[in-house]
Amino acid sequence: MNKANTFTSLSNGTKRKVGEAVADFAMIRPSDTICVALSGGKDSLLLLAALARLRRVAPKPFALKACTLDPTGGELDLSPMEEFCRALDVPLRITRYPIYSIMRSRGEDSPCSFCANMRRGILCSMAQKEESQALALGHHLDDALETALLNLFFAGRFAPLYPKIWMSRSRLWAIRPLIYLEERSIELETRRLNLPVIQFSCPFAKGNRRALIKQLVKELEERSRVSIKGNALGALKAIWKRSGLNHKPE
């Protein structure tokens with residue numbers, strides 16, 4: 001078995017949940033070009049592997065590309081990702097931008113939000129240059145739940161991530177094919193497939209609000225006999241399917 005086949009030898013559970021998410025929200029249309037936001041973390045690597053596998057078996061063809069934003073401005077060694085993309089026969093576009101330096105100089109009160117907005121803008125620009133119809137993001141179920149709780153507790157509104165949403169400014173779809181997968185299953189799958197995860201820790205991650213919410217959900221899971229995330233997914237699915245956000249505005 002060659003390296004590309006090894007990377008895409010996904011478990012049945014991963015294939016099923018990714019396939020269900022893609023189908024439930026019509027994330028990929030025939031002849032689309034999908035640009036994967038590839039950070040080098042476990043989520044985006046598994047996302048690219050899953051879509052590369054789906055590209056092989058899909059009844060109607062679609063094109064797959066990847067774009068990587070180095071937020072350190074050039075300090076990261078991205079060669080493992082370049083090799084990974086070559087093995088999967090996926091073109092990779094790289095942009096280096098000093099987001100972390102900018103955040104330090106500004107002393108941001110909400111660094112995660114600032115970083116996410118900057119990254120999204122740059123990644124959308126990269127996807128546009130690749131003539132893509134959709135930008136695929138590696139957010140999973142934990143991300144969706146944590147975002148909903150963050151918005152509820154700190155912004156006074158219940159607003160989760162959505163599996164598919166039209167970004168009118170960039171004229172692109174944002175799609176999240178891993179949205180049905182829990183983070184722990186992604187971690188296990190990434191290790192099993194020996195994906196080339198780049199070990200890099202965000203300098204702003206410790207003690208931020210998202211870390212607090214993640215710890216809260218973990219403690220609830222440990223103290224409860226019910227499936228916290230399973231119940232959350234059921235509630236989120238009901239919201240997603242009522243939203244109508246998987247339709248492009250006229």
Side-chain angles (χ1 to χ4, degrees), residues 10-28 36-37 39 41-47 49-51 53-54 110 112-113 116 120 134-167 173-193 195 197 202 205-247:
L10 305 176
S11 69
N12 288 334
T14 298
K15 289 187 287 188
R16 176 174 55 80
K17 290 184 177 181
V18 170
E20 286 178 358
V22 169
D24 285 351
F25 300 97
M27 292 185 185
I28 300 175
V36 175
S39 69
K42 64 184 188 313
D43 308 324
S44 65
L45 290 170
L46 185 64
L47 172 61
L51 292 182
R53 179 259 169 194
L54 186 60
S110 181
C112 290
S113 177
R120 186 183 305 112
L135 178 66
L137 304 169
H139 297 123
H140 44 65
L141 175 58
D142 295 59
D143 291 324
L145 174 57
E146 290 161 13
T147 297
L149 294 178
L150 277 167
N151 285 327
L152 178 65
F153 295 151
F154 296 105
R157 57 193 178 91
F158 191 80
L161 296 175
Y162 285 87
K164 178 183 178 183
I165 190 166
W166 176 246
M167 299 184 290
W173 287 105
I175 61 173
R176 297 179 168 99
L178 303 185
I179 202 74
Y180 287 170
L181 287 168
E182 292 185 27
E183 184 173 20
R184 58 193 169 203
S185 68
I186 292 174
E187 290 174 350
L188 291 173
E189 189 79 323
T190 302
R191 289 197 204 106
R192 187 182 67 81
L193 295 172
L195 300 185
V197 175
C202 171
K206 292 183 179 179
N208 62 30
R209 289 175 175 177
R210 185 169 289 275
L212 292 174
I213 294 295
K214 185 179 287 291
Q215 183 61 31
L216 172 63
V217 173
K218 180 181 178 182
E219 291 178 6
L220 286 172
E221 282 192 301
E222 291 172 349
R223 296 182 183 186
S224 176
R225 294 183 180 180
V226 301
S227 173
I228 297 292
K229 291 177 186 175
N231 287 343
L233 179 58
L236 288 169
K237 279 184 175 180
I239 294 170
W240 292 333
K241 291 181 178 180
R242 286 200 307 267
S243 70
L245 291 176
N246 60 330
H247 299 292

Of all heavy-atom pairs between Ala136 and Leu51, which one has the smallest distance, and what is that distance?
CB-CD1, 4.0 Å
If you take all heavy atoms of Ser44 and Ala37, which pair is closest and at what distance?
CB-O, 3.3 Å
At their closest point, which heavy atom of Glu183 faces which heavy atom of Asp142, and how far apart are they?
N-OD1, 2.8 Å
Given Val217, Asn231, Ile213, the one that forms side chain to side chain contact (heavy atoms under 4.5 Å, CB included) with Leu145:
Val217
d(Glu182 CD, Leu141 CG) to nearest 0.5 Å is 5.5 Å
So how far is it from Thr14 OG1 to Tyr180 OH, rounded to the nearest 0.5 Å?
15.0 Å
Do you know the tightest heavy-atom contact between Leu10 and Ala50?
CD1-CA, 3.5 Å
Check whether any side-chain N or O of Lys164 sits under 3.5 Å from a backbone N or O of Ala26 as a donor-acceptor pair, and report yes or no.
yes
Output, in order, the C-alpha distance, side-chain angles, deciding distance and verdict of side-chain contact (heavy atoms from CB on, under 4.5 Å) for Trp240 and Leu233.
CA-CA 10 Å; Trp240 292 333; Leu233 179 58; 4.0 Å; yes
Non-hydrogen side-chain atoms of Val18 and Leu46 separated by less than 4.5 Å
no
Is there a donor-acceptor pair under 3.5 Å between the side chain of Asp143 and the backbone N or O of His140?
yes
Parallel, tilted or perpendicular: which fits the ring planes of Trp166 and Trp173, with parallel below 30° and perpendicular above 60°?
perpendicular
Are Glu189 and Arg192 close enough, and set up right, to give a salt bridge (charged side-chain N to carboxylate O under 4.0 Å, His left out), and what steps lead you there?
CA-CA 5 Å; Glu189 189 79 323; Arg192 187 182 67 81; 3.0 Å; yes
Here the pair of heavy atoms bringing Leu178 nearest to Asp43 is CD1-O, 3.3 Å
Just how far is it from atom CD1 of Ile179 to atom OH of Tyr162, taken to the nearest 0.5 Å?
11.0 Å
How far does OG of Ser39 sit from CG of Leu45, to the nearest 0.5 angstrom?
6.5 Å
Would you sort out whether Glu20 and Lys237 count as a salt bridge (charged side-chain N to carboxylate O under 4.0 Å, His left out), showing the intermediate values?
CA-CA 12 Å; Glu20 286 178 358; Lys237 279 184 175 180; 5.2 Å; no
Verify the distance criterion only: is there a donor paired with an acceptor across the side chains of Arg16 and Ser11 at less than 3.5 Å?
no
I need the minimum non-hydrogen distance between Leu236 and Ala144, along with the two atoms involved.
CD1-CB, 4.1 Å
Verdict with reasoning, Phe153 to Leu212, per side-chain contact (heavy atoms from CB on, under 4.5 Å)
CA-CA 11 Å; Phe153 295 151; Leu212 292 174; over 6 Å; no
Between CD of Gln215 and CG of Leu220, what distance do you get to the nearest 0.5 Å?
10.0 Å
To the nearest 0.5 Å, tell me how far Lys17 NZ sits from Asp24 CG.
13.0 Å
